[in-house]
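All values below come from the heavy atoms of this structure, side chains included, with hydrogens, waters and symmetry mates left out. A note on names: the letters A, B, ... follow the listed sequences, proteins ahead of strands, and every chain is numbered from 1.
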2 protein chains.
Amino acid sequence: MHPYFSQEVPYAGLIQSSVRADFLLLDGDTPGGPMTSAEHSPLTRKLSAFVALSEAELAVLERLHQRRRTFAAGRDMVHQGQSDQAAYILSSGWVCSYKIQPDGTRQIVDFQVPGDFLGLRSVLLRTSDHSFEPIVTIEAAEVLKSDLLAAFAQTPRLATAILWAASRDEAMVVEHLVGIGRRDADARMAHFLLELGSRLALVGIGSKDGYDCPLTQYHLADALGLSAIHVNRVLRQLREGGVVTFRDGHVTIHDHDRLVDLAEFDPAYLDQTGPLLK
Amino acid sequence: MHPYFSQEVPYAGLIQSSVRADFLLLDGDTPGGPMTSAEHSPLTRKLSAFVALSEAELAVLERLHQRRRTFAAGRDMVHQGQSDQAAYILSSGWVCSYKIQPDGTRQIVDFQVPGDFLGLRSVLLRTSDHSFEPIVTIEAAEVLKSDLLAAFAQTPRLATAILWAASRDEAMVVEHLVGIGRRDADARMAHFLLELGSRLALVGIGSKDGYDCPLTQYHLADALGLSAIHVNRVLRQLREGGVVTFRDGHVTIHDHDRLVDLAEFDPAYLDQTGPLLK
DNA sequence: CGGCTTCTTGACCTAAGTCAATGCTTGTGG
DNA sequence: CCACAAGCATTGACTTAGGTCAAGAAGCCG
């Protein structure tokens, strides 16, 4: 296939095992010391926006972050082994989850940014059927099934909050489906950039005016169901139109209103209406 | 206040249930032998294909079907009221769940066929943000939140089974996303028809050679992210190619192998590998 | 009957894909 | 310190899958 064809991924990506994830471990020496409330993890930040957590609950949540690990960019970390009963809480870096088609094309289903869970479902229910790839070198806290269930049993409200986050993730997948099915390339891109901005703002990364974003145009293409070349054209148009600039790993929003308008962006599905559970 | 948060957390118990289910599994707890599912509800049939349920569990399951209701075709039944804490088990007829865009186009996210849950998520987690429309007059059993949670508490293995079904539904949404993003119209259609056939076969409707299907070409268009006119063209091609005929509310599969080939259909995501919890 | 909805087909158009070529970095080995 | 490769980004020229428009046809139903 043509080297420019973005959907191609190396065959090596198809044969990872849960064991190999351990090989990718670069260091395990970062002891997750107790955090002061000033330096809460992104997940804590995210959940706190919706559920007012007590001191005890916060403590349990922070304790879930103890087993810190680092994964190198580019190599898949997959959760499909019955043996691997762990999920991860992403504390820094970006990950994408995707499925490969038999013909080699790939579709990115979702991105994970700091504060997001990775493989939560494979712990609570059955094994996940798609793969995870760190986009940059990431830091994540490993959460064992037993830890998670224990935490849930101790603090039911925490369970509620985490399940709320999982449910929100699912709503994003549905919105993604709608976007690919019924929005043109420009609107899709605009919508995507807005959603990302919204998610990042929730964990205190970036602002209304923009955010750092390590994705390549190939990532965008595979996520939005477009070709990388068309992604480039769309980005140029948005840039020259003075709406938004995606360049050098940074998204700069010049005209937020016009972007929202273009995307017909209605953030209702993100359910970000402020702290609800007092 | 958000309906999701309006009640004290029920999930702790739910999660506990699934833990206990695993325990029972490991214990080798032997439920009653397989029984003829002919007289059972579609949901029972479906779950029985994956989890060997005991007499007691079957009884609880059947009891969930008591509050039977009928809904006329075409008129939306939406679940977003705080007051409406019910889900439905579809026992006959077809439903679609969809989202409307601000510009009036709609994207069908999923179809529900007999044996499927409707609005399960809005009971267990938060309110669903999309609408449901019965495609034909349907019969459904209303399940109150309290009933469901009681059933889960009584029979943890049933909880596992139902959550498995929910998880499978989600995998179908993801596969749907992949299809719209990365398959051309023919493959999308082929894949869709095969998935439907597979789902229906699971509840004893239809066979390898075909099944009844009340969808219009407009439904197909809205589900597959195509125009109705193109759906018509694709169907004609498939029909004239001797692969599959969609006509007069019936799908007839002439060449199953070629259809699978066209769709690059890999049913792995449907997780239909036979009874798993013995 | 006349008004629905659904299906069908042809003619034409456009958004997006494909092909091909060119820079621009960044990293790496000689 | 250069050469050279690899990965991204960019752009123009051309092709095509699928959308849009228009017009019937074929039921079906009050």
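Rounded to an integer number of Å, the gap from B:Gln237 CD to C:dT8 C1' is 15 Å. When the C1' atom of C:dG17 is taken as reference, atom CG of A:Leu224 falls 15 Å away, rounded to whole Å. Across the protein-nucleic acid pair, A:Arg239 atom CZ and D:dT11 atom P stand 7 Å apart, rounded to whole Å. Summarising the geometry, the separation between CG on B:Asp184 and C1' on C:dG17 is reported as 12 Å, rounded to the nearest angstrom. Counting to the nearest Å, the P atom of D:dT20 and the CG atom of B:Asp103 are 10 Å from each other. Here the P atom of nucleotide D:dC21 and the NE2 atom of B:His230 are 17 Å apart, to the nearest Å. Counting to the nearest Å, the P atom of D:dG18 and the CZ atom of B:Arg183 are 13 Å from each other. Going from atom CZ of B:Arg188 over to atom P of D:dA17 covers 13 Å, rounded to whole Å.
Side-chain proximity of B:Arg247 to the nucleotides C:dA16, C:dT9, C:dT8 is greatest for C:dT8. Which of D:dG18, D:dC8, C:dA16 sits closest to the side chain of B:Ala185 comes down to D:dG18. Candidate nucleotides C:dA16, C:dT6, D:dT20 were compared by shortest atom distance to the side chain of B:Ile229, and D:dT20 ranks first.
Residue B:Asp103 places its CG atom among more than 12 non-hydrogen atoms of other residues, nucleotides or ligands, all under 6.0 Å distant.
A:Thr216 comes within 4.0 angstrom of sugar-phosphate atoms only, judged by non-hydrogen atoms across all strands, and of no base. At a threshold of 4.0 angstrom between heavy atoms, the contacts of B:Leu226 are confined to the sugar-phosphate backbone, with no base atom among them. Counting non-hydrogen atoms under 4.0 angstrom, B:Gly225 reaches the backbone sugars and phosphates but no base. Across all strands, A:Arg233 comes closer than 4.0 Å to base atoms (heavy-atom distances).
In this structure, B:Glu175 pairs ionically with A:Lys99, as a charged nitrogen and a carboxylate oxygen lie closer than 4.0 Å. Ion pairing between a basic and an acidic side chain is recognised when a charged N comes within 4.0 Å of a carboxylate O; B:Arg182 and B:Glu264 show no such pairing.
For B:Arg236 and C:dG10, the shortest distance from a side-chain N or O to OP1 or OP2 is below 4.0 Å. Under 4.0 angstrom from either OP1 or OP2 of D:dA9 there lies no side-chain N or O belonging to A:Asn232. For B:Gln217 and C:dT8, the shortest distance from a side-chain N or O to OP1 or OP2 is below 4.0 Å.
Side-chain contact of B:Asp116 with B:Tyr88: a donor-acceptor pair under 3.5 Å is absent, judged by distance alone. In this model, a donor atom of one side chain and an acceptor atom of the other lie less than 3.5 Å apart for A:His230 and A:Arg233.
Mapping B:Val234 and A:Leu215 onto DNA chain D by nearest heavy atom places A:Leu215 closer to the 5' end of the strand.
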